[in-house]
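Below is one structure; the comments refer to it alone.
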Amino acid sequence: MAFEKVFLKFDMKEVVLVKPSKPTPSSILSMSTFDNEPAHYSLCQTVHVYRSANHDTPHGQVLDPVHVIKEALAKVLLYYYPLAGRLVKHVDGKLRVNCNADGVPFLEAIANCDLTSLHYLDGTDTKTAKNLVLDLPHSQDENGYQHPLVLQVTKFLCGGFTIGMGASHAICDGYGASQFFRALAELASGKSEPSVKPVWDRERLVGTITKQPLQSPMDEACAAVSPFLPTTVLMHECSKVDSESIRRLKMSMKNESFTTFESLAAYVWRSRARALKLSYDGKTMLNIIVGVRQHLLDSPLPYGYYGNAIVDANVVLTVRELNERPLSEIVKLIKETKNAAFTTDYIRNTINTLETKQVDHNMEGIGALMTLTEWKHLGFLEKVDFGWKEPINIIPAPCNMFESVDLCIFASPNNFDPSMKGGVRIFSSLPIAAMPKFREEMEALRLIKP
């Protein structure tokens with residue numbers, strides 16, 4: 001389907017600080033070892049798309065989403081008051097949260113078009129999302145102390161709107177960000193309190209110094225290289241894989257125990273290596289972000305915990321092996337590695353290793369590393385009703401953490417395309433010269449013979 005070219009313009013208001021609606025505890029809160037991983041210091045920015053629903057009050061007055069969300073934010077910060085503070089670095093080098101109720105930076109914007117003209121941000125131009133989030137420079141003061149949360153609400157001529165949320169990965173992982181977002185929606189839609197009360201409890205995930213830290217799974221000296229990297233110019237794209245293509249892919253490997261995630265992880269890893277033309281004798285690493293909330297240590301984390309509870313599961317192969325070994329063998333390796341990451345010993349060793357030393361893959365931006373995270377289980381597109389019904393789309397904004405060439409995101413389909421039911425959207429960033437080959441590889445999924 002063709003869409004008319006839109007020349008976007010935005011009327012940006014002044015950034016304001018939204019404070020908790022009532023006094024909140026003033027304190028300095030410590031973070032967990034997972035929270036303090038340097039890779040988590042960036043903002044993770046997402047855009048949530050809401051279609052117009054002609055929502056009126058009982059007296060016929062049309063509700064303003066900016067007003068509704070701003071009021072709900074002030075209320076929800078009574079529960080999530082650390083998000084209204086500042087992230088500061090202590091003299092020991094660790095992050096702390098100064099719960100000073102400084103407030104959350106909030107920006108109102110008005111676009112000059114309808115959401116339909118942007119196809120509800122359905123991957124047609126992911127760069128557009130950069131205009132719909134409050135970016136990092138606005139979230140820091142002159143000392144570099146970061147606001148852990150920033151919000152932007154953009155209204156469109158059709159009555160629809162987007163919510164751009166930037167949440168520091170140091171204070172919450174994807175599950176925690178989703179929990180906060182649902183709480184914000186509940187208060188905006190009229191509930192008196194969140195259905196899930198937030199729990200801080202970060203001291204449970206503080207490691208101890210160990211004499212036997214986990215070793216880096218791969219040495220930079222043997223890492224594969226790409227002729228297209230390094231570069232500062234990347235193309236951001238959303239690839240759609242429908243349920244039939246997934247079915248054919250899994251059937252071609254003749255192993256019913258393989259999940260959709262595992263099967264696609266292997267296929268995308270190989271496709272990306274081919275697109276980047278990685279050196280054959282060099283090594284490449286698949287770094288899978290594994291959530292361990294329900295597997296953590298001796299008992300699960302308390303319900304409502306919104307800090308980081310993720311570990312890395314790494315698979316390392318030469319590019320030659322990745323290309324020439326049967327895909328089913330790659331999937332089996334991924335499955336075994338992922339399952340091993342759920343064990344208590346692995347989780348505890350990971351925490352202690354992070355507490356002992358900063359784990360650095362030393363491969364960022366050269367193409368040899370692919371970090372993969374899955375959003376399908378986070379629930380961003382379910383039960384998040386601000387009073388205008390549920391969202392119809394969510395996408396990562398390609399800036400800060402989500403702009404990296406190393407990152408790949410598996411996400412659920414949007415809520416307005418029935419042909420993608422049961423499918424997966426894949427968000428990736430590659431050099432411009434590599435993207436045509438990656439598209440070709442993804443298109444080839446439709447032609448796989450079961």
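When a residue number appears, it is its place in the shown sequence, counting from 1.
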### Task
Considering only NZ, NE, NH1 and NH2 on the basic side and carboxylate oxygens on the acidic side, decide whether K421 and D242 come within less than 4.0 Å.
no
### Query
Between CG of L214 and OG1 of T356, what distance do you get to the nearest 0.5 Å?
9.5 Å
Side-chain atoms of residues 93-101: list all donor-acceptor pairs with protein atoms under 3.5 Å, sequence neighbours left out, distances to 0.1 Å.
from	atom 1	to	atom 2	distance (Å)
K94	NZ	E355	OE2	2.7
R96	NH2	D92	OD2	3.0
N100	OD1	D102	N	3.1

## Note on the structure
d(Q45 CD, I395 CD1) to nearest 0.5 Å is 12.0 Å
#### Entry: Side-chain heavy-atom pair K335, S257 within 4.5 angstrom cut-off
yes
### Message
To check you understand the geometry: which heavy-atom pair defines the closest contact between V268 and C408, and what is its length?
### Response
CG1-SG, 4.0 Å
#### Entry: Between R248 and S252, a side-chain donor and acceptor under 3.5 Å
no
## Note on the structure
To the nearest 0.5 Å, atom OG of S117 lies from atom NE2 of H119 at 11.0 Å
### Message
Can you confirm whether Y80 sits close enough to Q179 that some side-chain heavy atom of one is under 4.5 Å from a side-chain heavy atom of the other?
### Response
yes
### Query
Does atom NE2 of H67 have more than 12 heavy-atom neighbours from other groups under 6.0 Å away?
no
### Task
Inspect the surroundings of NZ in K332 and state if more than 12 heavy atoms from other residues, nucleotides or ligands are less than 6.0 Å away.
no
### Message
So which atom in P105 and which in V15 form the shortest heavy-atom distance, rounded to 0.1 Å?
### Response
CB-CG1, 4.0 Å
### Pairwise distance CG(N339) to OH(Y346) - rounded to 0.5 angstrom
12.5 Å
### Query
Do the charged groups of D11 and K13 touch, with an N to O distance under 4.0 Å?
yes
### Task
For this output row, return yes or no: ring centroids of Y175 and Y306 closer than 6.0 angstrom.
no
### Message
Counting only heavy atoms from other residues, nucleotides and ligands, does the tally under 6.0 Å from NZ of K75 exceed 12?
### Response
no
### Query
CG of N308 to CD1 of I310: how many Å apart, nearest 0.5 Å?
5.0 Å
### Query
Pick one: which of V331, L372, I246, T259 meets side-chain contact (heavy atoms from CB on, under 4.5 Å) with L264?
I246
### Query
Does a donor on one side chain and an acceptor on the other come within less than 3.5 Å for N287 and T371?
yes
### Query
Looking just at side-chain N and O atoms, do S32 and D35 make a donor-acceptor pair shorter than 3.5 Å?
yes
### Query
Taking the six-membered ring for Trp, is the centroid-to-centroid distance between F386 and F181 below 6.0 Å?
yes
### Query
Should the pair K155-E108 be classified as a salt bridge under the 4.0 Å nitrogen-to-oxygen rule?
yes
### Task
Check whether more than 12 heavy atoms from other residues, nucleotides or ligands sit under 6.0 Å from atom CD of E203, and answer yes or no.
yes
### Task
Return the orientation label for the F161 and Y50 ring planes: parallel under 30°, perpendicular over 60°, tilted otherwise.
parallel
### Task
Starting from the C-alpha separation in whole Å, work towards a yes-or-no answer on side chain to side chain contact (heavy atoms under 4.5 Å, CB included) for I392 and L115.
CA-CA 11 Å; I392 58 172; L115 276 169; 6.0 Å; no
### Spacing of D417 atom CG and R425 atom CZ [to the nearest 0.5 Å]
9.5 Å
### Task
Determine whether the side chains of T260 and K250 contain a donor N or O and an acceptor N or O closer than 3.5 Å.
yes
### Query
Which is it for F427 and H236 under the ring pair (Phe, Tyr, Trp, His ring centres under 6.0 Å) test, yes or no, and what are the steps along the way?
CA-CA 7 Å; F427 292 92; H236 313 287; over 10 Å; no
### Task
Report yes or no: is the cationic atom of R202 (NZ for Lys, CZ for Arg) closer than 6.0 Å to the six-membered ring centre of Y305, at no more than 45° off its axis?
yes
### Query
Does a sphere of radius 6.0 Å around NZ in K191 hold more than 12 heavy atoms from other residues, nucleotides or ligands, not counting ones at 6.0 Å or beyond?
no
### Task
Would you check if the distance from the ring center of F34 to the ring center of H169 is below 6.0 Å?
no
### Task
Would you mind listing every salt bridge (charged side-chain N to carboxylate O under 4.0 Å, His left out) that reaches into residues 44-53, with sequence neighbours excluded?
none
### Task
May I ask you to say whether E237 pairs ionically with R439, meaning some side-chain N is under 4.0 Å from a carboxylate O?
yes
### Message
Do E262 and Y267 pair up side chain to side chain, a donor and an acceptor below 3.5 Å, judged on atom types alone?
### Response
no
### Sequence neighbours excluded, every pair satisfying salt bridge (charged side-chain N to carboxylate O under 4.0 Å, His left out) that has a member inside residues 397-416
K130-E403
### Query
Looking just at side-chain N and O atoms, do W375 and T46 make a donor-acceptor pair shorter than 3.5 Å?
no
